[in-house]
Amino acid sequence: MRTTTSRTALLVAAVAAVSLGLTACGADEGAKDAGSAKTTAGAPAATATTGTAGAAGATESAAPAAPAGSSAGSSAAPAAGKGTAGGAAQGTPAAAGSAPEAKAPVCAHGDVRITMKKADEVPTEHIVLTATNTSGRSCRLLGHPLIAFGEIQTAKDVPAVPASKPAAPVVLVPGAPAYANVRVSNGGVHEDNKVVKEFNVNLFAADGPAEGSVVVTAPAGGIAVDEAVAKTGYWTPELRNGADDF
């Protein structure tokens, strides 16, 4: 009986000890759960803090809104660039428009100054005529010079050399020159030469020879001219080797 009672008492004591242990464990785990709950509850706070920091960061990022602003400024810069390009583009047509072939008027005799000089050769077989635009505006110089080595009414026409004709119209901006190479003799002593101290040069209008002419003075001593062999090149922006050799 005592043995049974003792065993029963021991069993009860053991159960009580186990119960206490379980209770303690439960309490610990509850405490841990509570801590976790606190920690978890605290996590959002941290997240919120992080969010605040993010907002602050965003605010700081907004400060480099200056970059963004500079980016906007960059966008504005291209726009200015376009304006500049547009200005340049407007300037370009103006420059090109200063001498458009279709719109520039034909040069009249009063628009140009015509001078001559002997070619660098002995004896003199060629002279070079230079027509300089003095009108203050662009004009087109048509065809070739109409030269009269003598009285305009009686002088023989000096024919043009087709090979010297330029491919494009000659448009002279103010101050620009054009040239014409002219053969005046074959350099022979037995030619029927005459000494010319001045001669007349006329220009072409759109519908033929223009009214009026320019009197060109020869260098001192004049030039020996054989009208039977005289010929002229077309007006060109420059004297071209080959095309003007005649």
Side-chain angles (χ1 to χ4, degrees), residues 101 104-135 139-173 175-246:
E101 297 162 2
V106 175
C107 300
H109 74 278
D111 295 331
V112 295
R113 182 180 71 253
I114 301 177
T115 57
M116 69 139 287
K117 73 173 187 176
K118 294 179 179 180
D120 188 13
E121 58 189 2
V122 178
T124 300
E125 297 182 9
H126 298 83
I127 61 173
V128 176
L129 296 181
T130 302
T132 304
N133 183 357
T134 59
S135 69
C139 64
R140 287 179 293 144
L141 197 56
L142 302 182
H144 56 83
L146 297 165
I147 304 171
F149 288 119
E151 293 295 327
I152 295 178
Q153 290 79 9
T154 59
K156 180 183 176 182
D157 290 338
V158 177
V161 178
S164 66
K165 185 176 183 178
V170 177
V171 180
L172 299 181
V173 296
Y179 307 94
N181 195 29
V182 182
R183 174 173 284 281
V184 292
S185 74
N186 286 333
V189 293
H190 300 296
E191 288 184 272
D192 187 13
N193 294 337
K194 65 180 182 180
V195 177
V196 175
K197 295 186 177 179
E198 65 179 22
F199 55 94
N200 292 278
V201 176
N202 196 4
L203 303 178
F204 274 102
D207 56 355
E211 294 292 331
S213 61
V214 177
V215 177
V216 180
T217 302
I223 54 175
V225 177
D226 182 353
E227 290 186 281
V229 300
K231 58 188 70 174
T232 180
Y234 279 72
W235 293 115
T236 58
E238 58 188 12
L239 286 175
R240 300 160 300 159
N241 292 332
D244 294 317
D245 288 344
F246 51 82

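Side chains included, hydrogens not; waters and symmetry mates left out as well; all remaining heavy atoms used. Numbers here are sequence positions counted from 1.
Partners of Pro219 according to the side chain to side chain contact (heavy atoms under 4.5 Å, CB included) rule, which considers only residues two or more places apart in sequence or in another chain, are Met116, Lys118, Ile223. Legend: residues meeting ring pair (Phe, Tyr, Trp, His ring centres under 6.0 Å) with Phe149, ordered by chain and number and at least two apart, are Phe199. For Asp226, there are no salt bridge (Lys or Arg N to Asp or Glu O under 4.0 Å) partners, not counting sequence neighbours. In this view, Asn181 satisfies the side-chain hydrogen bond (donor to acceptor under 3.5 Å, both in side chains) rule with no residue, not counting sequence neighbours. By the side-chain hydrogen bond (donor to acceptor under 3.5 Å, both in side chains) test, Lys194 is found to be paired with Glu227, residues two or more places apart in sequence or in another chain being considered. Applying the side-chain hydrogen bond (donor to acceptor under 3.5 Å, both in side chains) test to Ser135 and every residue at least two apart in sequence or in another chain returns Asn133. Glu125 is linked by a side chain to side chain contact (heavy atoms under 4.5 Å, CB included) to Glu121, Arg183, Ser185, counting only residues two or more places apart in sequence or in another chain. In this structure, the side chain to side chain contact (heavy atoms under 4.5 Å, CB included) partners of Ser213, at least two apart in sequence or on a different chain, are Ile152, Asn200, Asn202. Applying the side chain to side chain contact (heavy atoms under 4.5 Å, CB included) criterion to Pro166, with sequence neighbours excluded, gives Val170, Tyr234, Thr236.
The stretch residues 201-223 participates, sequence neighbours left out, in these ring pair (Phe, Tyr, Trp, His ring centres under 6.0 Å) pairs: His144-Phe204. Every pair tested for salt bridge (Lys or Arg N to Asp or Glu O under 4.0 Å) that includes a residue from residues 209-225 fails, sequence neighbours excluded, so the list is empty.
Within the 4.5 Å cutoff, no side-chain heavy atoms of Leu142 are placed close to those of Leu203.
The backbone N or O of Asn186 sits less than 3.5 Å from a side-chain atom of Glu191, completing a donor-acceptor pair. Between the Arg113 side chain and the Thr132 main chain, no donor and acceptor come within less than 3.5 Å of each other.
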